[in-house]
Amino acid sequence: MRNRFQMRVGVMLFAFILAGLAAGGLAQSSCLVDWNNVHQRIDGFGASSAFTEFTWTTAQADMFFSTNNGTGLSQNGTNFSFTGIGLSLLRTQIQPPATTNDIAFANTNEIALMQMAQGRGARVWGTPWTPPNFCKNAQTPDGGNYDGLGGNSTNQLYARELAGYVYNLKNTYGINLYAISIQNEPDISTSYASCVWTQHQFHDFVTNLYPAMVASNVASTLIMLPEDYQWEDGYYFTTMIDTNVAPDVGIIACHNYYGGNAVIPNFGKPLWETEVSTIGGTYDGSIGNALGWAQRIHEFLTVPQVNAWHYWWLISLNPDNEGLTDNNWVPAKRMYVLGQWSRFVRPNYYRINVANGSSHPLVTAFKDSASPTFAIVAVNNTSSSINQTFNFTNFLVAGSVTSWITSATLSLSNLPPVAVNGTSFTYTLPASSVVTFVGQASDGPPTLIPVANQVINAGVTLMVTNFAADPDLSSETLTFNLSNGPANATLTTINATNAMFA
């Protein structure tokens with residue numbers, strides 16, 4: 001969970017700004033949003049409450065997991081206003097049992113937050129930072145190696161304890177754990193709670209954990225691995241190439257410390273980024289810092305095409321940049337920039353393709369799988385405004401789109417609606433800002449494919465097949481009618497897209 005994050009400003013950015021200014025004082029850009037070019041499903045956006053032992057308030061739950069506006073109370077007793085960012089995932093900490101007769105547990109304050117987050121529509125999942133001491137070669141929670149192999153007693157016992165944890169959350173507290181990770185950062189040993197595992201141990205433990213969860217009637221909770229320290233460290237490989245074990249794994253997850261954004265092999269499982277932040281240094285809650293994270297989110301959605309993205313802490317316990325807030329509980333701009341996605345791009349949305357004509361702004365687009373709602377997120381991380389045109393293909397937009405912005409002066413603020421002409425709209429993206437547009441796609445009218453001119457002799461029957469195209473958002477039945485036809489002419493429907501004229 002430790003990393004140094006550096007914002008990247010390249011020479012291309014400078015050249016792009018100069019080109020835009022030379023073209024007429026305002027940088028110009030356009031992109032094409034394609035409804036039918038569909039990429040990954042979105043499972044959500046989240047952060048963690050691990051290690052936090054204070055009492056969570058309903059205002060804090062609203063700020064992170066709802067779309068409500070409200071007033072928060074800082075740790076030093078001052079009030080601040082907030083706009084809820086609607087996180088859809090909460091990562092929690094699983095505490096190890098003290099003895100072989102106990103089960104894993106969560107602290108009381110974190111259980112209360114789980115309940116509040118779930119009540120606001122978020123999915124809750126859990127990660128152990130260490131197994132119990134009796135499962136390790138070092139009798140301490142900090143560091144050491146896991147002792148489980150094959151079906152030995154260590155694996156069987158620990159598997160039953162984790163399955164019992166899921167069962168207990170469900171039946172005692174009403175918390176339906178969406179997923180359970182096997183180990184936080186199994187590739188490093190630290191001075192805080194940690195444990196080193198091997199790839200082979202992951203493989204063997206899954207063969208014990210899944211049957212234990214079936215026996216406890218909690219097999220609907222997904223098994224996650226490996227949550228290694230670096231992105232694309234390969235800790236999943238041994239498990240996922242075994243066709244007898246891979247089906248029992250529900251999610252592949254990695255952290256993003258020192259790991260870039262490489263594409264991970266597709267094993268047919270959701271791919272989650274589950275932890276990243278910057279550690280140490282001076283706290284920076286500015287829009288400049290936030291735009292660095294906006295670029296990171298954009299890259300992970302479009303390069304490895306993750307299904308979920310998480311920051312590290314909800315609330316930082318240290319005076320640095322590990323949380324979405326400072327350690328006084330007041331939001332940083334990066335919280336609101338994350339909200340430009342999390343509030344509007346909900347679970348079971350799908351990312352749709354954006355072909356951008358230039359390197360700036362960074363644009364991602366998404367559509368709901370159950371409605372015509374869509375969202376477009378545009379990141380202008382340059383120091384100049386950009387006059388951006390958004391063009392639509394395979395869908396239309398009637399009326400207008402709503403717009404929301406985070407900038408140096410605004411935090412997830414609602415702006416006036418933006419008029420759309422059906423196939424496009426243009427908007428000036430302010431310098432150093434993230435703007436989200438939300439709208440409703442609409443169906444266009446069906447079109448008849450033109451029929452070529454034909455010459456026939458008098459008295460000969462003319463027969464023409466009419467082909468209709470209707471690239472609508474949902475399947476519809478077309479009805480063919482003949483109006484103002486010549487005497488004795490008929491039009492007979494053949495199927496949903498064809499009709500015969502005679």
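- Here CG of Leu113 is found 6.5 Å from CG of Leu314. Values are rounded to the nearest 0.5 Å.
- The shortest non-hydrogen separation linking Ser286 to Lys333 is O-CB, 3.6 Å.
- Applying the salt bridge (charged side-chain N to carboxylate O under 4.0 Å, His left out) rule to Arg343 yields no partners; only residues at least two apart in sequence or on another chain are considered.
- Shown are Leu301, Leu291, Val276; of these, the side chain to side chain contact (heavy atoms under 4.5 Å, CB included) with Arg296 is made only by Val276.
- Residues Glu232 and Cys254 share a closest heavy-atom pair of N-SG, 4.1 Å.
- Listed here is the closest heavy atom pair of Ala47 and Leu324: CB-CD1, 4.0 Å.
- For Phe237, the CZ atom is loosely surrounded, since the number of other residues' heavy atoms within 6.0 Å does not exceed 12.
- A pairwise comparison of heavy atoms in Arg91 and Trp312 identifies NH1-CZ3, 3.7 Å as the closest pair.
- Note: Phe425 and Phe390 have parallel aromatic rings, judged against thresholds of 30 and 60 degrees for the angle between ring planes.
- Side-chain contact check for Thr71 and Asn79: no donor-acceptor pair (N or O, by modelled atom type) lies under 3.5 Å.
- Aromatic ring pairs are classed by plane angle as parallel below 30°, tilted from 30° to 60° and perpendicular above 60°; the pair Tyr258 and Tyr229 is tilted.
- Between the side chains of Glu53 and Asn109, no donor N or O sits under 3.5 Å from an acceptor N or O.
- Nearest approach of Phe65 to Leu89, heavy atoms of both residues: CE2-O, 3.8 Å.
- Residues Ser88 and Pro347 form a side-chain contact, since some pair of their non-hydrogen atoms from C-beta on lies under 4.5 Å apart.
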Dump the intermediate steps for side chain to side chain donor-acceptor pair (under 3.5 Å) on Asn387 and Gln28, then the final yes or no. CA-CA 5 Å; Asn387 198 43; Gln28 307 288 322; 3.0 Å; yes
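- With no hydrogens or angles considered, no side-chain donor-acceptor pair links Ser194 and Thr130 at under 3.5 Å.
- Counting heavy atoms from C-beta outward, Tyr283 and Ser316 have side chains that stay 4.5 Å or more apart.
- Under the 30°/60° scheme for interplanar angles, the aromatic rings of Tyr257 and His255 are found to stand perpendicular.
- Counting only heavy atoms from C-beta outward, the side chains of Tyr349 and Phe374 never approach each other to under 4.5 Å.
- For Thr78 and Asn76, the side-chain atoms include at least one donor-acceptor pair closer than 3.5 Å.
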Evaluate ring-ring contact (aromatic ring centres under 6.0 Å, His included) for Phe82 paired with Tyr336, printing each intermediate quantity in order. CA-CA 9 Å; Phe82 66 80; Tyr336 290 114; 8.6 Å; no
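- At distances below 3.5 Å, not a single donor-acceptor pair connects side-chain atoms of Glu299 with backbone N or O atoms of Ala294.
- Using a distance-only test at 3.5 Å, with no hydrogens or angles considered, no donor-acceptor pair links the side chain of Asn391 to the main chain of Leu32.
- Under the 3.5 Å distance criterion, the side-chain polar atoms of Asn37 are left unmatched by any main-chain donor or acceptor of Ile352.
- From Ile376, atom CD1 reaches atom CZ of Phe344 across 13.0 Å, with rounding to the nearest 0.5 Å.
- Within the 4.5 Å cutoff, no side-chain heavy atoms of Ile111 are placed close to those of Trp56.
- Inspection of the Lys367 and Thr373 side chains reveals no N or O donor paired with an N or O acceptor under 3.5 Å.
- Under the 3.5 Å distance criterion, the side-chain polar atoms of Lys170 are left unmatched by any main-chain donor or acceptor of Tyr165.
- Looking only at side-chain heavy atoms (C-beta outward), Asn256 and Asn261 stay at 4.5 Å or farther from each other.
- Ring planes of Trp125 and His310: perpendicular class, angle over 60° (limits at 30 and 60°).
- The pair Arg120-Asp62 meets the salt-bridge criterion, with a side-chain N (NZ, NE, NH1 or NH2) lying under 4.0 Å from an Asp/Glu carboxylate O.
- With values rounded to the nearest 0.5 angstrom, Ile315 atom CD1 is found 7.5 Å from Thr52 atom OG1.
- Residues His298 and Trp293 have side chains that never bring a donor and an acceptor to within less than 3.5 angstrom of each other.
- Side-chain contact check for Thr325 versus Val330: every heavy-atom pair is 4.5 Å or farther apart.
- No side-chain donor-acceptor contact under 3.5 Å links Asn348 to the backbone of Ile42.
- Using a 4.5 Å heavy-atom threshold, the side chains of Phe80 and Met63 count as touching.
- Side-chain atoms of Gln295 and Asn381 form a donor-acceptor pair, as typed in the model, at a separation below 3.5 Å.
- Of all non-hydrogen atoms in Ala290 and Val337, the two that sit nearest each other are CB-CG2, 3.5 Å.
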Asn353 vs His39, test: side chain to side chain donor-acceptor pair (under 3.5 Å). Steps then yes/no. CA-CA 7 Å; Asn353 199 66; His39 298 288; 2.9 Å; yes
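- Under a 3.5 Å cut-off, the side chain of Asn380 and the backbone N or O of Leu429 do form a donor-acceptor pair.
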Please walk me through it: do Tyr311 and Glu322 pass side chain to side chain donor-acceptor pair (under 3.5 Å)? CA-CA 8 Å; Tyr311 200 70; Glu322 295 179 70; over 6 Å; no
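- Between the side chains of Arg334 and Asn289, at least one donor-acceptor pair of N or O atoms lies under 3.5 Å.
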Report the C-alpha distance between Thr127 and Thr92 in whole Å, list the side-chain angles of each, state the deciding distance to 0.1 Å, and finish with yes or no for side chain to side chain contact (heavy atoms under 4.5 Å, CB included). CA-CA 6 Å; Thr127 300; Thr92 61; over 6 Å; no
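- For the 3.5 Å distance criterion, the side chains of Trp313 and Ser49 fail to qualify, holding no donor opposite an acceptor.
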Could you check Ile297 against Val377 for side chain to side chain contact (heavy atoms under 4.5 Å, CB included), going step by step and ending with a plain yes or no? CA-CA 11 Å; Ile297 296 169; Val377 185; over 6 Å; no
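- A heavy-atom distance below 4.5 Å is found between the side chains of Val249 and Met240.
- Atom OH in Tyr178 sits 14.5 Å away from atom CG in Leu90 (nearest 0.5 Å).
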Starting from the C-alpha separation in whole Å, work towards a yes-or-no answer on side chain to side chain contact (heavy atoms under 4.5 Å, CB included) for Met114 and Leu169. CA-CA 10 Å; Met114 294 185 210; Leu169 279 185; 4.3 Å; yes
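- Judged by distance alone, with hydrogens and angles left aside, the side-chain atoms of Arg41 form no donor-acceptor pair with the main-chain N or O of Arg351 at under 3.5 Å.
- In this structure, the side chain of Asn394 does not engage the main chain of Asp34 through any donor-acceptor pair within 3.5 Å.
- In this structure, OG on Ser432 lies 7.0 Å from CD1 on Ile287, to the nearest 0.5 angstrom.
- Remark: the backbone N or O of Phe437 is not paired with any side-chain donor or acceptor of Trp404 at under 3.5 angstrom.
- Counting only distance, with no hydrogens or angles, the side chain of Gln93 and the backbone of Ala106 share no donor-acceptor pair below 3.5 Å.
- The aromatic rings of Phe202 and Tyr235 stand perpendicular to each other, their planes meeting at an angle above 60°, with 30° marking the opposite boundary.
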Begin from the C-alpha positions of Val401 and Val438 and carry the test side chain to side chain contact (heavy atoms under 4.5 Å, CB included) through to its verdict. CA-CA 5 Å; Val401 292; Val438 179; over 6 Å; no
